[in-house]
Amino acid sequence: MQGNLQAAFAMFEKMLGRGLKADAVLFNTLLDGCVRHSGFELADALLEKMHDCSVKPTNFTTSIEVKMWGKRRQLDQAFAVVRAAAEDRSRRLDAQIGTCLVSACFLNQAP
């Protein structure tokens with residue numbers, strides 16, 4: 001981990017240890033930091049913890065996941081995340097997700 005990402009995760013664990021409930025905004029902030037610093041394994045664990053804490057992903061969560069899979073050179077996973085989000089009838093996907101998907105395609109030189 002680089003920079004303040006390590007401090008952010010220490011604070012996150014401290015908050016959880018004190019019984020504070022994490023919300024989507026907190027998870028998204030940490031996820032975004034992981035992806036920006038290429039902390040992909042940490043991001044994977046964080047997504048699992050988000051699920052375990054019953055925190056529902058938002059469109060911003062999905063856009064971060066798309067960016068992550070694009071940076072990992074796993075474009076098929078980026079599309080899978082978008083398909084899964086589209087199947088959730090309680091959500092309406094936005095242009096930000098589409099933009100991230102297009103960027104992932106460019107990054108991976110996809111036709």
Side-chain angles (χ1 to χ4, degrees):
M1 283 187 273
Q2 299 176 359
N4 290 331
L5 193 56
Q6 190 171 17
F9 270 88
M11 180 58 69
F12 175 66
E13 291 300 329
K14 188 183 247 185
M15 289 171 62
L16 294 179
R18 291 186 177 174
L20 296 173
K21 187 176 178 184
D23 62 6
V25 174
L26 179 56
F27 276 105
N28 288 341
T29 301
L30 291 168
L31 276 171
D32 192 49
C34 289
V35 172
R36 287 177 189 265
H37 294 288
S38 298
F40 302 129
E41 291 79 20
L42 197 53
D44 292 338
L46 196 55
L47 286 165
E48 189 173 315
K49 189 172 204 92
M50 186 176 188
H51 177 75
D52 293 346
C53 291
S54 299
V55 175
K56 188 175 170 117
T58 64
N59 282 344
F60 189 58
T61 311
T62 302
S63 68
I64 296 167
E65 286 184 85
V66 169
K67 289 177 194 176
M68 176 182 73
W69 290 116
K71 286 179 122 182
R72 285 173 122 166
R73 305 282 188 211
Q74 295 182 33
L75 197 54
D76 57 329
Q77 290 292 342
F79 276 96
V81 166
V82 174
R83 275 193 297 276
E87 290 175 5
D88 181 351
R89 298 293 178 214
S90 67
R91 291 176 59 189
R92 185 165 181 246
L93 303 185
D94 60 14
Q96 182 177 2
I97 293 170
T99 300
C100 291
L101 196 54
V102 168
S103 293
C105 288
F106 281 129
L107 181 66
N108 287 273
Q109 299 178 348

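When hydrophobic side chains of Ile, Leu, Val, Met, Phe, Trp and Tyr are connected at separations under 4.5 Å, Val25 ends up as a singleton with no cluster partners.
Closest approach of Lys71 and Val35 over heavy atoms only: NZ-O, 2.9 Å. When all heavy atoms of Leu20 and Leu16 are compared, the pair lying nearest together is O-CD2, 3.6 Å. The two residues Cys105 and Leu75 have their closest heavy-atom pair at N-CD1, 3.9 Å. Here the closest heavy-atom approach between residue Leu107 and residue Gly70 is recorded as CD2-O, 3.4 Å. Arg72 and Glu41 make their closest contact through NH2-N, 4.3 Å (heavy atoms, listed as atom of the first residue, atom of the second, distance). Across every non-hydrogen atom of Ile64 and Asn28, the tightest pair is CD1-O, 3.4 Å.
Looking at heavy atoms from C-beta onward, His37 lies out of side-chain contact with Leu42 at the 4.5 angstrom threshold. Between Thr61 and Thr58, the closest side-chain pair of non-hydrogen atoms falls below 4.5 Å. Using a 4.5 Å heavy-atom threshold, the side chains of Met68 and Leu31 count as separate. In this structure, Cys100 and Trp69 have side chains that are not in contact, with every pair of non-hydrogen atoms separated by 4.5 Å or more.
Annotation: Glu48, atom CD; neighbour count of heavy atoms from other residues, nucleotides and ligands within 6.0 Å does not exceed 12.
Put simply, NZ on Lys21 and CG on Leu26 are 12.5 Å apart, with the number rounded to the nearest 0.5 Å. Expressed to the nearest 0.5 Å, how far OG of Ser63 lies from CG of Asp94 amounts to 7.5 Å.
Residue pairs satisfying the side chain to side chain donor-acceptor pair (under 3.5 Å) criterion with at least one member in residues 76-93, sequence neighbours excluded, are listed as follows: Lys56-Asp88, Lys56-Ser90, Asn59-Arg91, Thr62-Arg91, Asp88-Ser90.
Residues Phe79 and Val102 do not share a hydrophobic cluster, defined by chaining ILVMFWY side chains whose heavy atoms lie under 4.5 Å apart.
Applying the ring pair (Phe, Tyr, Trp, His ring centres under 6.0 Å) rule to Phe12 yields the partners Phe27; only residues at least two apart in sequence or on another chain are considered.
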